[in-house]
Amino acid sequence: MATTQQNPLDDRAADPFEIAALAASRLRELSGIETHDVALTLGSGWAKAADLLGETVADIPATEIPGFSAPAVVGHVGSLRSIRLADGRHALVIGARTHFYEDHGVRRVVHSVRTAAAAGAEIMVLTNGAGGIKDHWTPGTPVLISDHLNLTAASPLEGATFIDLTDLYSARLRELARGVSAELDEGVYVQFRGPHYETPAEVQMAKAMGGHIVGMSTALEAIAARQAGMEVLGFSLITNLAAGISPEPLSHQEVLQAGKDAEPVISDLLARVVAAL
Ligand code: 8IG
């Protein structure tokens with residue numbers, strides 16, 4: 001029987017930014033790296049990209065860092081990796097995503113992003129596996145996130161905190177990514193709570209609202225990144241067509257398989273984009 005560990009973020013009276021600062025200082029201690037310049041969250045299908053980014057300086061189990069918890073889903077890695085890029089910058093690779101559907105609250109969902117900001121990162125690269133609404137996006141297609149629809153009815157911001165999201169998914173960074181891979185398409189990411197996939201009617205709703213990608217992770221993290229003053233770059237790997245777009249039913253196994261198959265191509269893409277940031 002596993003023991004339940006107390007997470008300091010679960011104390012409502014605690015300041016989540018103080019805990020992120022604590023996490024960043026522990027990360028400095030354990031990695032020996034004073035400042036991380038860029039941070040990446042690697043979602044389903046993207047995990048292998050870390051190996052191509054540069055030289056791993058430290059690979060720290062997320063459970064060693066205040067505020068993090070063990071991953072809930074098979075296929076999601078639970079570590080924070082410090083990587084030295086070829087040009088001497090340092091990347092923080094977060095392989096420990098907490099999803100909103102885990103019901104641990106939004107503070108825990110965005111803790112990794114806040115930790116990255118506290119560690120010095122000025123650019124946050126958010127990646128995920130997601131469903132595609134455009135029917136020419138075959139499984140294995142990476143796309144840029146141009147904007148989002150947050151359908152979680154939640155926000156990482158607390159109190160009267162008004163943050164401008166006009167250029168949330170930085171036009172500058174998207175342009176830069178297209179400089180690396182001209183054929184990159186882009187679309188509006190729709191975050192649902194999950195963990196169930198959508199019904200075909202919900203996918204049609206998302207489409208009518210202007211959405212092109214359906215997922216369960218990135219919108220809340222992007223908002224927190226912007227609040228922390230970071231520039232955001234978002235990538236979705238389309239691992240399946242959204243429900244009802246294709247006649248085939250969705251299976252988590254197929255989603256994982258599509259991610260695996262696309263891994264070499266998207267890892268190489270991401271490594272080249274990060275080198276160009
Ligand atoms: I991978 O079709 C993956 N994640 N909401 N819908 C939602 N999330 C997803 C999907 C999908 N595929």
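For ligands, and for the atoms within them, numbers begin at 1 and follow the listed sequence.
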Test side-chain contact (heavy atoms from CB on, under 4.5 Å) on R193 and D103 and set out the steps. CA-CA 10 Å; R193 179 193 179 279; D103 260 344; 3.1 Å; yes
With distance as the sole criterion, is a donor-acceptor pair present between the side chains of S82 and H36 under 3.5 Å?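 Yes.
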Do R81 and T56 have side-chain N/O donor and acceptor atoms under 3.5 Å apart?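 Looking only at side-chain atoms, T56 and R81 do form a donor-acceptor pair, the distance falling under 3.5 Å.
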For the side-chain hydrogen bond (donor to acceptor under 3.5 Å, both in side chains) test, which of E231, R174, R226, H148 pairs with Y169?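 Filter result, single survivor: H148.
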Hey, which residues fall under 4.0 Å of ligand 1 on heavy atoms?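 The 4.0 Å shell around ligand 1 contains G129, A130, G131, Y197, E198, V214, G215, M216, T239, N240, L250, V255.
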Least distance between heavy atoms, L30 atom then A58 atom: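 In terms of heavy atoms, the two residues are closest at O-CB, 4.3 Å.
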Stepwise, does the side-chain contact (heavy atoms from CB on, under 4.5 Å) test hold for V214 with E202? CA-CA 10 Å; V214 283; E202 287 164 345; over 6 Å; no
